[in-house]
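Heads up, the thing below is written out as structure tokens.
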Protein chains: 2
Amino acid sequence: MHTENKDEMRDKILEAALKRFSQFSAAKTTMNEIADDLHCSKASLYYYFPDKNGLHNAVLAKVGEFYFKGIEEAVENMTSGAEALRNIIKHRHDFIKKFCRLELFKILKDGPPAQIAEAMMEVKKKETALIAKMIEKGVQDGDFEVEDVVQAAELYNQALIGLRFSVLEGIPHLGEPTQEEFDMIISKQKKLAEIFIKGISK
Amino acid sequence: MHTENKDEMRDKILEAALKRFSQFSAAKTTMNEIADDLHCSKASLYYYFPDKNGLHNAVLAKVGEFYFKGIEEAVENMTSGAEALRNIIKHRHDFIKKFCRLELFKILKDGPPAQIAEAMMEVKKKETALIAKMIEKGVQDGDFEVEDVVQAAELYNQALIGLRFSVLEGIPHLGEPTQEEFDMIISKQKKLAEIFIKGISK
DNA sequence: CTTTTGACTTTTTAAGTTACAAAGTCAAAA
DNA sequence: TTTTGACTTTGTAACTTAAAAAGTCAAAAG
């Protein structure tokens with residue numbers, strides 16, 4: 001393997017790791033496999049990343065960035081608060097479908113490795129802040145009436161996310177939800193979003 | 001151990017099992033312990049129940065009955081749909097706090113043992129039906145405006161339950177939530193309930 | 001005839017072991 | 001500065017096994 005500079009090699013590794021991780025999960029991917037994909041030695045990977053966890057974190061960070069770019073765009077091109085709130089559902093769903101094997105939520109369930117737990121807190125805050133901007137827009141347009149905008153944003157987010165768990169409750173979910181289950185969740189989320197939007201409307 | 005009749009003995013066993021199960025969980029309770037509590041032999045337990053699972057199910061059924069009795073009462077004494085919907089939160093919380101060690105939700109996560117899965121479906125339907133009655137009341141009083149009452153009831157239920165998961169997400173929950181976490185959940189559920197109620201109001 | 005039981009067998013589970021695979025290191029080479 | 005093959009260390013999945021708990025039953029008790 002030969003690249004022009006250090007950063008490029010780092011990106012190549014990140015790319016290869018993302019491919020493996022999102023197809024088979026990080027747990028089922030060995031450092032040797034990633035090295036083989038890149039036609040380089042395993043030791044090289046350790047020259048760019050401190051350990052497997054560090055690589056995993058870097059992949060997660062990259063993907064997270066991609067996620068937020070999408071929402072940020074949506075916030076900028078917002079025509080109305082309600083519309084923006086609706087759009088989140090599809091955007092998030094597309095994201096989850098693409099990267100669900102990255103063990104984003106599995107990591108949380110087991111025991112958040114402190115390092116990631118902190119990052120997750122940041123992510124949540126950031127996401128809530130973006131949703132708050134959408135609600136704020138609605139308030140300024142005179143559409144919405146909300147006491148605490150940030151609180152409402154957090155609640156909107158958690159209510160939608162929560163449906164993912166409660167809708168699947170009782171169904172033995174071996175790994176990822178099926179397409180059918182995904183559709184069920186989205187449908188419910190859309191309905192809840194409409195009621196929520198009406199609930200905070202003037 | 002001596003009792004007047006068969007049913008009484010069955011009840012004694014159920015009572016003893018509930019005590020153990022709700023203090024230590026069913027998994028950490030042995031049939032011998034229950035027998036010792038009752039000063040009878042383990043074999044006696046098997047005279048009244050086919051196996052440990054059967055006993056566990058019977059305990060769950062008894063507790064479930066208790067749960068529904070409370071909601072049914074609430075439905076009967078309903079002054080308004082909105083009020084009834086609000087009351088569910090407290091009622092359910094009291095119930096969970098009391099019986100959270102009965103592995104009600106743990107059972108679902110692992111793999112529903114078919115037998116219980118079916119019963120759970122029934123329970124959900126029954127609960128949804130009761131909530132639907134509350135919403136129906138609101139519709140008939142001219143307070144609510146809802147397309148599909150049953151669907152709205154299901155959504156209300158799942159949205160509230162879902163908050164229990166999403167609010168705790170990222171927090172390493174070793175066993176049961178703490179009091180603080182419980183309070184957080186209830187607070188969020190109440191806020192969501194208000195928005196939901198406003199969202200289906202005329 | 002119904003209910004209870006002690007003594008028994010079978011099944012589950014937790015602890016300990018081991019062997020292999022994967023993680024991680026490093027001195028030397030490119 | 002970057003890469004690598006050969007190496008050591010660590011983690012994990014597959015067996016083994018001994019204790020504990022589940023579950024059975026023929027006989028006893030009322």
Side-chain angles (χ1 to χ4, degrees), chain A residues 1-17 19-21 23-60 101 103 106-107 110-111 113-116 174-175, chain B residues 1-17 19-21 23-60 103 106-107 109-111 113-116 174-175:
Chain A
M1 195 71 199
H2 171 75
T3 53
E4 295 302 315
N5 60 60
K6 207 168 172 176
D7 278 359
E8 193 187 333
M9 184 60 184
R10 223 188 99 101
D11 277 351
K12 288 269 184 212
I13 294 172
L14 242 32
E15 197 184 320
K19 215 172 273 180
R20 282 270 173 191
F21 288 175
Q23 189 167 7
F24 306 111
S25 88
K28 290 288 182 194
T29 298
T30 71
M31 294 298 267
N32 266 314
E33 284 169 341
I34 297 170
D36 289 350
D37 288 351
L38 292 166
H39 304 292
C40 76
S41 77
K42 180 176 61 170
S44 286
L45 305 182
Y46 286 95
Y47 180 73
Y48 292 94
F49 296 93
D51 52 24
K52 192 184 181 183
N53 228 310
L55 175 56
H56 193 190
N57 288 352
V59 168
L60 256 34
R101 280 169 210 267
E103 304 171 279
K106 193 188 168 192
I107 284 166
D110 297 337
Q115 196 181 6
I116 295 191
L174 318 158
Chain B
M1 194 72 198
H2 170 75
T3 53
E4 295 303 313
N5 60 61
K6 208 168 173 176
D7 278 358
E8 194 188 332
M9 184 61 184
R10 225 189 98 102
D11 278 351
K12 288 268 182 213
I13 295 172
L14 243 32
E15 198 185 318
K19 216 172 272 178
R20 283 269 172 192
F21 288 176
Q23 188 167 6
F24 306 111
S25 88
K28 291 288 182 193
T29 298
T30 71
M31 295 299 267
N32 267 313
E33 284 169 341
I34 296 170
D36 289 350
D37 287 352
L38 291 166
H39 303 291
C40 76
S41 76
K42 179 176 61 169
S44 286
L45 304 183
Y46 285 94
Y47 180 74
Y48 291 94
F49 296 93
D51 51 26
K52 191 184 181 183
N53 228 310
L55 176 56
H56 193 190
N57 289 352
V59 168
L60 256 35
E103 303 171 278
K106 194 187 166 192
I107 285 166
K109 274 190 182 172
D110 298 337
Q115 195 182 6
I116 294 192
L174 320 158

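Predicted model, so just to flag it, every value in this text is computed and none were measured.
The CG atom of B:Asp37 sits 12.0 Å away from the CD1 atom of B:Ile13 when rounded to the nearest 0.5 Å. Of the inter-residue distances, the one linking A:Leu55 atom CG with A:Phe21 atom CZ reads 4.5 Å to the nearest 0.5 angstrom.
Computed from coordinates, the A:His56 NE2 to C:dA22 P distance equals 17 Å when rounded to whole Å. When the C1' atom of C:dA7 is taken as reference, atom CG of B:Asn32 falls 13 Å away, rounded to whole Å. What separates CZ of A:Arg10 from C1' of D:dT2 is a distance of 16 Å, to the nearest Å. A straight line from CG of A:Asp51 to P of D:dT8 spans 22 Å, rounded to a whole angstrom. A straight line from CG of A:Asn53 to C1' of C:dA22 spans 14 Å, rounded to a whole angstrom. For B:Asp36 and C:dT5, the CG to C1' distance is 13 Å, given to the nearest whole Å. Rounded to an integer number of Å, the gap from CG of A:Leu55 to C1' of C:dG24 is 14 Å. Taking atom CD1 of A:Ile13 as the reference point, atom P of D:dT4 lies 11 Å away to the nearest angstrom.
Judged as a side chain to side chain contact (heavy atoms under 4.5 Å, CB included), and not counting sequence neighbours, the contacts of B:Phe24 are B:Arg20, B:Lys28, B:Thr29.
Here the side chain of A:Ser44 is nearest to one of C:dT5, C:dG24, D:dT4, namely D:dT4.
Taking 4.0 angstrom as the limit, B:Tyr47 places none of its side-chain polar atoms (N or O) nearer than this to OP1 or OP2 of C:dT4. Under 4.0 angstrom from either OP1 or OP2 of C:dT4 there lies at least one side-chain N or O belonging to B:Tyr48.
Scanning all heavy atoms of the two residues, the minimum distance from B:Ala26 to B:Lys52 falls at O-NZ, 3.0 Å.
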Inset, instruction - Would you write the dot-bracket representation of DNA chain C, where each base gets (, ), [, ], | or . depending on whether it forms a Watson-Crick or G-U pair under 3.5 Å and with which partner? - result: ||||||||||||||||||||||||||||||

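When atom types are taken as modelled, the side chain of B:Lys42 and the backbone of B:Thr30 share no donor-acceptor pair closer than 3.5 angstrom.
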Inset, instruction - Take B:Cys40 and B:Lys12 through the side-chain contact (heavy atoms from CB on, under 4.5 Å) test and state the conclusion after the steps. - result: CA-CA 11 Å; B:Cys40 76; B:Lys12 288 268 182 213; over 6 Å; no

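Interface remark: the A:Lys52 side chain does not form any donor-acceptor pair with the C:dA22 base, using a distance-only criterion of under 3.5 Å. Residue B:Lys42 places a side-chain atom within donor-acceptor reach of the base of D:dA22, judged by atom type and a 3.5 Å distance cut-off alone.
The side-chain heavy atoms of B:Tyr48 and B:Asp11, taken from C-beta on, include no pair separated by under 4.5 Å.
Between A:Thr30 and A:Ala43, the one whose closest nucleotide on DNA chain C sits nearer the 5' end is A:Thr30. Residue order along DNA chain D, read from the 5' end via each residue's closest nucleotide, puts A:Ser41 first among A:Lys28 and A:Ser41.
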